[in-house]
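The structure appears below as structure tokens.
Ligands are counted one by one from 1 in listed order, and the atoms in each one are counted from 1 as well.
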Amino acid sequence: MNWKGLLHQYEEYLPINEKTPKLSLWEGNTPLIALDNLSEKLGVELHVKYEGLNPTGSFKDRGMVMAVAKAKEEGSEAVMCASTGNTSAAAAAYAARANMRCIVVIPDGKIAMGKMAQAVMYGAEIYAIKGNFDNAMQMVRNLSEEAPITLVNSVNPYRIEGQKTAAFEVCEQLGTAPDYLSIPVGNAGNITAYWKGFKEYHQQNNTGLPSMHGFEAEGSAAIVRNEVVENPETLATAIRIGNPASWDKALTATDESKGKIDSVTDEEILEAYHLLAQSEGVFAEPASCASIAGLKKDIENGHIKKGSKVVAVLTGNGLKDPDCAIENSTLKPVVLPNEEEVVFDHILGRVKP
Ligand code: F0G
């Protein structure tokens, strides 16, 4: 296939006209990987949509290519976002490619190292505030009302348009929609986008509709608790959000699809994080693994039926957050002298570890 990125591939489904720049970093077309070992263990047919293979390592590239292209088309010279790290990485990359300024506001000290490296490398103007994502989000919303800077958080409808293409790809790769879609929820833009995508694709291609199961981190589970969480906490920093911007739309998606939003604990997220990497060779960042932790819980409590076709969205690459991997792993390298005999003794089990 001659893949040229999302704006080219899904032009007919997207708000594109002759003036829209055909911006691309060859995003999209990510693999849907069948997880045979976990399917057997859990008693379902499980596939993961591995969004960590997008150009900046997360699903945000899908929305950002569309949002930045439209900002450029409209004559804007600068884009801005609040971010827990992935949105800022994607905004910075596409802004660089479109020759635009990129301003990012992030919670100081709560951004995974890989994401910080990306913002720096792509040349964003970075403001790290002594507050959380929700505080940053309020600031950029307010500023975008008084300054000529385009807001590219998922409250920008073009972000949702771009991100809905992931649902199209799932339907194409699977032949139909799955029975269930399991997805992490932070600011709630992605669950909104998937549901829109499934509905539009079904209308055109009769692919059916999944039941949408979204999962927040327990320490930031505003939608589940039905109240704003003032001080959200979770080791899954990507979804450390206490007042999701697309709260209502997430509830519409779960209501319409007869699904639900639930929460998973950090322990459950970490367990899923290791399980996925060690039983399938798929490394996804902690927030992504909320989808695996959640579906495991839903199978155990009967909310997902055995034998169903399930797609879990793995929103970001595991390499985004190397510190989390190292800090939470019990596996450590065995440090040895540069002596062949000693190394062989260890490998061949002649020395007790
Ligand atoms: N997974 C990852 C890896 C994310 O980075 C995010 C959101 C989500 C899941 C949740 O998606 O917000 O659409 O419900 N990250 C945003 C950011 C908030 O700034 O990068 P959502």
Got more than 12 heavy atoms from elsewhere within 6.0 Å of CG, Leu348? yes
Identify the protein heavy atom lying closest to atom 16 (C) of ligand 1, giving its residue, its atom name and the separation to 0.1 Å. Lys60 NZ, 2.9 Å
Evaluation steps, side chain to side chain contact (heavy atoms under 4.5 Å, CB included), between Leu151 and Asn156: CA-CA 7 Å; Leu151 186 62; Asn156 177 329; 5.6 Å; no
Polar contacts were defined as any N/O atom of the residue lying under 3.5 Å from an N/O atom of the ligand; does this apply to Ser88 and ligand 1? no
Do Gly189 and ligand 1 have an N or O pair less than 3.5 Å apart? yes
For Ile241, state whether at least one heavy atom is located under 4.0 Å from any atom of ligand 1. yes
Of all the non-hydrogen atoms in the protein, which one sits nearest to atom 13 (O) of ligand 1, and at what distance? Asn190 N, 2.8 Å
Any idea which protein heavy atom is nearest atom 8 (C) of ligand 1, and the distance to it? Ile239 CG2, 3.6 Å
Is there a donor in the side chain of Glu73 and an acceptor in the side chain of Asn17, or the other way round, less than 3.5 Å apart? yes
Checking salt bridge (charged side-chain N to carboxylate O under 4.0 Å, His left out) for the pair Asp179/Lys305: CA distance, chi angles, key distance, verdict? CA-CA 9 Å; Asp179 300 320; Lys305 291 192 205 76; over 6 Å; no
Answer yes or no: are there more than 12 heavy-atom neighbours, outside Lys22 itself, under 6.0 Å from its atom NZ? yes
Counting non-hydrogen protein atoms only, what is the nearest one to atom 1 (N) of ligand 1? Give residue, atom name and distance. Thr315 OG1, 2.6 Å
Going by the atom numbers of ligand 1, which of them fall below 4.0 Å from some non-hydrogen atom of Val185? 14 (O)
With a 4.5 Å heavy-atom cut-off, do Phe198 and Met212 have their side chains touching? yes
Give the residue and atom name of whichever protein heavy atom lies nearest to atom 17 (C) of ligand 1, and the separation in Å to one decimal. Thr87 OG1, 3.0 Å
Starting from atom 11 (O) of ligand 1, locate the nearest protein heavy atom and write down its residue, its atom name and how far away it is, to 0.1 Å. Phe59 CZ, 3.5 Å
Charged N to carboxylate O under 4.0 angstrom, Glu51 versus Lys60? no
Are side-chain N/O atoms of Thr84 and Lys110 paired as donor and acceptor at under 3.5 Å? no
Subset of ligand 1 atoms that lie under 4.0 Å from at least one heavy atom of Ser83: 17 (C), 19 (O), 20 (O)
Given Ala217, Ala245, Ala250, Ala188, which one has a non-hydrogen atom that is nearest to atom 14 (O) of ligand 1? Ala188
Is any side-chain heavy atom of Val229 closer than 4.5 Å to a side-chain heavy atom of Asp134? no
Protein contact of atom 4 (C) of ligand 1 - nearest heavy atom, named by residue and atom, plus distance: Ala238 CB, 3.5 Å
Sub-4.0 Å heavy-atom contact, Ser154 with ligand 1: no
Report yes if the side chains of Trp195 and Leu209 come closer than 4.5 Å at any heavy-atom pair, otherwise no. yes
Mark yes when over 12 heavy atoms from residues, nucleotides or ligands other than Glu40 sit less than 6.0 Å from its CD; otherwise mark no. no
Ligand 1 atoms nearer than 4.0 angstrom to some heavy atom of Glu285 are 3 (C)
Subset of ligand 1 atoms that lie under 4.0 Å from at least one heavy atom of Asn86: 2 (C), 3 (C), 4 (C), 5 (O), 20 (O)
Short N/O distance, under 3.5 Å, between Asn187 and ligand 1? yes
